There are 2 protein chains.
Amino acid sequence: MKWVKNVVNKMKEQEAYLEQLFEKYEIKFKAVADKQRLQIMHVLTTNGSMSVGDLMPKMDMAQSKLSYHLKILLDADLILKETQGTWSYYSININSVNHLLSEELCCLFRPANK
Amino acid sequence: MKWVKNVVNKMKEQEAYLEQLFEKYEIKFKAVADKQRLQIMHVLTTNGSMSVGDLMPKMDMAQSKLSYHLKILLDADLILKETQGTWSYYSININSVNHLLSEELCCLFRPANK
DNA sequence: ATCATTAATCAACTTTTTTTGATTAAGTTC
DNA sequence: GAACTTAATCAAAAAAAGTTGATTAATGAT
């Protein structure tokens, strides 16, 4: 019966779609599942664009460690990077954060929240 | 100067508050930072309240493994548990999910989304 | 060209998380 | 109460994530 096959196929498609989706969100949620990275995001929110060197004292973190965490946030598309010569400037990706977190939470990562 | 001390104290309070907040969210985000657990949440969403035994075939997962992941979601307050005799029934905690995730994401964890 | 600066990457190590199979505890059924 | 069912917990092993210090690559300054 043709329609049975069609239904089964639809279900398989749906499953594959969800699996992909969950994988994507796993990466994003892993990125925010660390208080140090949440702190980085918060510092970038309140200070705007910052170089790794600027972040080091604010986070009290060694350079290689900071680079490691920044890469995770960048791979999850939660922050943006702009290279200028030998400097790397990072900033929050508000758009991406808004699509991921609840409104009340986003407030924490919105510039100049009062 | 008294006002300097006051300002410094306020800042320290703010810092302590944020640190606590980030720790709380670390736990919640860790819980959703796993595709298997996202899948569990989704199954609970579409099927309503389920026992561990019901979930096993749906997740194709051994009992002890399932209990492990359910505990993580429960500790993060993202699911609810009701014990009836020797059965444990788990269900999604919509309220908590709504406060954590973006609206578009919550749709995935809202019963009967069309 | 040499030296200094900035930040990414690497490799070894540590810590945390996840998986697995077995055991335990508590409640049913006969 | 003996046997069975359900699900939590445990301990050992495996896998993944995070930390550390050193190296590298690329750019800038002298």
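The structure displayed is predicted, hence computed values, not measured ones. Quick note: numbers below take in every heavy atom, side chains included, and nothing from hydrogens, waters or symmetry partners. In what follows, every chain begins at residue 1, and chains take the letters A, B, ... in the order their sequences are listed.
Using a 4.0 Å cut-off, some side-chain N or O of Tyr90(B) falls inside it from OP1 or OP2 of dA8(D).
A side-chain donor-acceptor contact under 3.5 Å links Arg37(A) to the backbone of Lys30(A). Although no hydrogens or angles enter the test, the distance criterion places no donor-acceptor pair under 3.5 Å between the side chain of Thr83(A) and the main chain of Ser88(A). Using a distance-only test at 3.5 Å, with no hydrogens or angles considered, a donor-acceptor pair links the side chain of Thr46(A) to the main chain of His42(A).
Residues forming a side chain to side chain contact (heavy atoms under 4.5 Å, CB included) with Ser91(B) (at least two apart in sequence, or on another chain): Ser49(B), Leu80(B). Under the side-chain hydrogen bond (donor to acceptor under 3.5 Å, both in side chains) criterion, Lys58(B) pairs with no residue, sequence neighbours left out. Among residues two or more places apart in sequence or in another chain, the side-chain hydrogen bond (donor to acceptor under 3.5 Å, both in side chains) test is passed with Asp54(A) by Ser51(A).
Remark: Ser67(B), Lys71(B), Lys81(B) in residues 67-83 of chain B come within less than 4.0 Å of DNA chain D through at least one heavy atom. Less than 4.0 Å separates DNA chain C from no heavy atom of any residue of residues 53-60 of chain B.
Taking atom CH2 on Trp87(B) and atom P on dG27(C), their separation rounds to 13 Å, with Å as the unit. Between Lys35(A) atom NZ and dA17(D) atom C1' there is a gap of 15 Å when expressed in whole angstrom units. Rounded to an integer number of Å, the gap from CE of Met50(A) to P of dT6(C) is 14 Å.
Between Tyr89(A) and Lys30(A), it is Tyr89(A) whose nearest contact on DNA chain C lies nearer the 5' terminus.
The residue Gln36(A) sits close only to the backbone: its heavy atoms come under 4.0 Å of sugar-phosphate atoms, none of a base.
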Please write out each protein N/O paired with an N/O of nucleotides 21-26 of chain D under 3.5 Å, distance rounded to 0.1 Å.
from    : atom 1 : to       : atom 2 : distance (Å)
dG21(D) : O6     : Ser64(A) : OG     : 3.3

